[in-house]
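A short worksheet on the structure shown next.
What you are looking at is a predicted structure, and each value in this text was computed from that prediction instead of being measured. Chain naming here is simple, since letters A, B, ... match the order of the sequence lines and numbering starts at 1 in each. Computed over heavy atoms, backbone and side chain alike; hydrogens, waters and symmetry mates excluded.
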Amino acid sequence: MLARLTMRARHHTIELSPFMPESQPLTSLGPGPRVRFAPSPTGFLHVGSARTFIFNWLYARHNGGTMILRLDDTDVERNSQSSVDSIFKGLKWLNLSWDEEYKQSERIELHRKTAWAIFEKGLAYRDFTPAHTGDAEKSGAQGTWLFNPGAREVSREESDRRAAAGEPFALRFRVPRESGQLVRFNDAVYGEPVKAGADIEDFALLRSDGMPTYHLASCADDADLRISHIIRGQDHLTNTFKHVLIFEAAGFAPPQFAHLPLLVAPDGTKLSKRRHGSVVSVTTYRDAGFLSAAFINFLCLLGWSPKNDRENMSLEELKEVFSLEGINRSNAVVNFKEPAATPEEAFDPKAVWLNAEHIRGLPVEDLSTRLLPIVRGAGFNVTPEKMLRITPLIRERIKLLSEVLTAADFIFVDQLPPYDPAELIPQKGDMAMAAKVLARAREVLAGIEFKHDPLDQALRAAALELGVKAGQMFQPIRVAVCGRKNAPPLFETLEVIGREITLKRIEDALQKIV
RNA sequence: GGCGCUAUCGUCUAGGGGUUAGGACGGAAGAUUCUCAAUCUUCAAACCCGGGUUCGAUUCCCGGUAGCGCUACCA
C-alpha cells in the first residue's frame, strides 16, 4: 500500500498541448477512418516517430478521416513534462494538425475495467510472483520465458484470498497455448502474420501497483476511441499478436493494422539518441535550416513509394497520392554521416537535396520571410525590404536556410573579413592587371546607375578598353566586393550592395595591392 | 537461445517468369555562364547464396546466410 502511494506521488502531471483545438466528444463520429499517433513522452520527437505521425496524418487526410493524438504515458518512471513539451515542439514545426487529443494517464479507470473484465472471463490471472529484476534477465543467457511456474494454476478462491490479504500481484493474460492454437491478424503491409499461441508469453495487463501496461492501455484506448486503423512502427509487429488477444478477450473487433518498416542508421541499427546523437531528433532538422515540407517529403520517401518516380512533392501532392499499398516491408537507412565537416554533410544527402528543391520552389517573398529571422538571429540588422532584394541572389545557392549566413555574409557585414590580396588576381593575369581593372572600375562605377544593365554594359566596355577579357574584369571586382571568388552574379550583387559600399571596398582592395 | 519479419546500384526505390533490370540522391566527365550555384548531356554502379519448379528464374517454392524486431510488472 505504501509502495503504491509512493508511485502515485511520483507520477507527473502532464499538460496537454496549448495548440489543440477543443477536443470534441466522441458522440459525433465522422465518417472516415480514425487513426492515432501515440507517442510515449520519454524523450524528444524522434524522426521515426515523426514519420509514423506523418503517415497517419496522410492516411487520415487522404481519406477524410480523423487524426488523433494520444500520449501513451503509462510509464510513470520514464515520462516527463519536458518530453511532452519537446514532442509538441517537434509536432508544431511539422505543422500538421490533429482533431482529437487524449492522454492515457487520465483513462486508467477504463484500462483497469477492461483488464478486470478479461479476468472475470477467466482469460487473465493474478500472478503473485515477485517482479523480475530486468537487468539480470537481459545480460544472462536467454531462455524462453512463457509464464511463471505455478502462477496460472492458482485457483480463483486462493487467488481472491491472497489478493484480499494484500499480497501484491500482477494481472497476466492467460494465453491460449494448448492444442496448437494460432493467432493471426490482417496487416495492410505484411499480409497476414501468424504466430502460434504456444510461442506467446503470458504478458502482464496490470502491474503490481495497479497501473496498466502499455499493451492493455493501448488496446483498451484503441477500442474505446474507435480507432479503425493502427499505423505504427514494425517494432510492434510481434506485439500485435498480444493485442489481438486482448481485443478478442475484451470483446472488441481488432482494427486494421499497417506496420511501417523501421528507420535505421547507416550501420543498420535502430536509430537511437545514445548511439547516433541529435540527428535522430526532429528539431535538429528544424534548427539546421530544413523546411518542414521538405523534411516531410524526405521522410515519406523512406519506406513508401508513389510508384511513379515522383520525388519532389508538396504536402498537398503527398496527401493526394498517399496510400497504404505504397508502403514496403524492409527497413530504410537514414543515410546521415556521423562526424560531419559541415552541417550540410551531417544529413542524408537526399534530404538536403529535397530541401534545396523546396527552397527553390518557394516564392521569393515567402523564402525571404523565412530567412529574415535567421539573419537577425545571427545579430545582423537587416530590413525586410533589403532581405527581399538579397533573397533572389542566394535562392539557388543554399541548400539549408541557415546557409543564408554564409552565402550572403558580405552583404550583412560592414567590414569585409581579411582576405589574401592574391585572390584579386584574375585568371591568366597578374597583380598589375588587378590594379588596372580596379582603378578603372572605380572611375566607371562612380558615375553610373547601379542597375544590372548599365553595370553590365559599362563594365564590359571598360574591359574592352583595357584589353582584358570580361571575366578578368569582373573577377577582381567580385573579390574586392565579396571578399571571395565564389559569389552570386556580379551585377545583381552590386545592385544590392550599392555604390557607396562598392566604391569603398574597391578602394580597400586597391590599398591592399600597394 | 526461441519466435516473427525482411533481402534490387553506396543510399532511397520501381519492376517482375523471357527487360539493354527503370528512376532519384550521391560520385565522375562534359556543355553553358562573369566565378559559384542552378540547368542540360553522358558515364560508372544492383537483383545475398544454394537447391527446386519451369523451355526459361532476379521474379514463384524450399533451405541457408545475414540484418532487423519482439522475447519486461518499457513503450
Side-chain angles (χ1 to χ4, degrees), chain A residues 38-42 72-75 77-79 127 129-135 137-138 141-146 168-172 189-191 193-196 198-201 203-215 217-218 233-242 259 261-262 264 266 268-270 298 301-312 328-335 348-354 356 360 393-399 407 426-427 456 459-460 463 469-475 477-479 482 484-491:
Chain A
S40 55
T42 56
D72 279 8
D73 57 348
T74 53
D75 183 357
E77 300 284 328
R78 303 199 305 159
N79 293 336
D127 181 355
T129 315
H132 289 245
T133 41
D135 291 341
E137 179 131 2
K138 250 182 208 169
Q142 256 111 9
T144 308
W145 177 88
L146 291 172
F169 60 86
L171 195 69
R172 281 187 192 284
V189 178
Y190 290 91
V194 182
K195 188 168 178 167
D199 292 321
I200 303 171
E201 71 280 6
F203 53 93
L205 259 20
L206 252 25
R207 303 183 180 112
S208 49
D209 63 358
M211 288 294 282
T213 62
Y214 161 74
H215 299 304
S218 177
Q234 197 241 45
D235 47 344
H236 286 296
L237 193 67
T238 323
N239 289 332
T240 308
F241 296 106
K242 297 173 191 169
H259 287 90
L262 260 25
V264 298
T269 61
K270 200 175 164 179
F298 169 65
L301 262 19
L302 296 175
W304 173 82
S305 164
K307 300 186 190 290
N308 62 359
D309 287 345
R310 293 271 295 122
E311 297 214 295
N312 179 0
N328 59 35
R329 284 169 292 276
S330 44
N331 293 172
V333 174
V334 181
N335 203 9
D348 190 312
K350 196 146 199 171
V352 174
W353 169 74
L354 273 172
R360 280 176 230 130
L393 294 183
I394 58 165
R395 182 156 73 146
E396 285 176 352
R397 274 162 262 266
I398 59 173
K399 294 186 163 138
Q427 278 281 311
D456 189 335
L459 258 13
R460 279 182 200 280
K469 293 188 170 178
Q472 292 174 316
M473 180 81 205
F474 302 155
Q475 196 63 1
I477 303 174
R478 185 194 321 282
V479 174
C482 304
R484 52 187 157 84
K485 283 179 170 165
N486 298 339
L490 188 59
F491 312 128

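- Within the 4.0 angstrom heavy-atom criterion, only backbone atoms of the sugar-phosphate kind lie near A/Ser40; the bases stay farther away.
- Checked against B/C73, B/G69, B/C12, the side chain of A/Lys270 finds its nearest nucleotide in B/G69.
- For A/Ser330, taking side-chain heavy atoms from C-beta onward, the closest of the listed nucleotides B/U6, B/C36, B/C73 is B/U6.
- Of the two residues contacting RNA chain B, namely A/Thr213 and A/Gly268, the nearest-nucleotide position lying further toward the 5' end is that of A/Gly268.
- Nucleotide B/A31 is matched to B/U39 when pairs are restricted to Watson-Crick or G-U wobble geometry with both distances under 3.5 angstrom.
- For a distance-only test at 3.5 Å, the side chain of A/Ser208 qualifies as a donor-acceptor partner of the base of B/C73.
- OP1 or OP2 of B/U39 lies within a sub-4.0 Å distance of a side-chain N or O belonging to A/Arg360.
- Contact check, A/Asn239 against B/A75: no side-chain N or O comes under 4.0 Å of OP1 or OP2.
- Across all strands shown, B/U6 forms a Watson-Crick or G-U wobble pair, both distances under 3.5 Å, with B/A66.
- No side-chain heavy atom of A/Gln234 sits less than 4.5 Å from a side-chain heavy atom of A/Val189.
- In this structure B/G26 sits in no base pair that meets the Watson-Crick or G-U test at under 3.5 Å.
- The side chain of A/Asp235 has B/G69 as its nearest neighbour among B/C34, B/G4, B/G69.
- Comparing A/Gly303 and A/Phe491, the nucleotide of RNA chain B nearest to each residue sits closer to the 5' end for A/Gly303.
- Among the protein residues, A/Pro168 comes within range of no part of the nucleic acid, since none of its heavy atoms lies under 4.0 Å from any strand.
- Phosphate contact (OP1/OP2 of B/A75, side-chain N/O of A/Arg78, threshold under 4.0 Å): absent.
- If you check every strand for non-hydrogen atoms under 4.0 Å, A/Pro39 touches nothing.
- Of the side-chain N and O atoms in A/Lys307, one or more sit less than 4.0 angstrom from OP1 or OP2 of B/A14.
- Checking B/C34, B/A75, B/C12 against the side-chain heavy atoms of A/Arg460 singles out B/C34 as nearest.
- Using a 4.5 Å heavy-atom threshold, the side chains of A/Thr213 and A/Thr74 count as separate.
- Here the nucleotide nearest the side chain of A/Asp309, chosen from B/G23, B/A75, B/C34, is B/G23.
- Applying the 4.0 Å criterion to OP1 and OP2 of B/C68, one finds that A/Thr269 has every side-chain N and O outside that range.
- Minimum atom distance to the side chain of A/Lys242 is reached by B/C70, of the listed B/C70, B/C73, B/C36.
- At a cut-off of 3.5 angstrom, counting only N and O atoms as typed in the model, there is no donor on one side facing an acceptor on the other between the side-chain of A/Arg329 and the base of B/C5.
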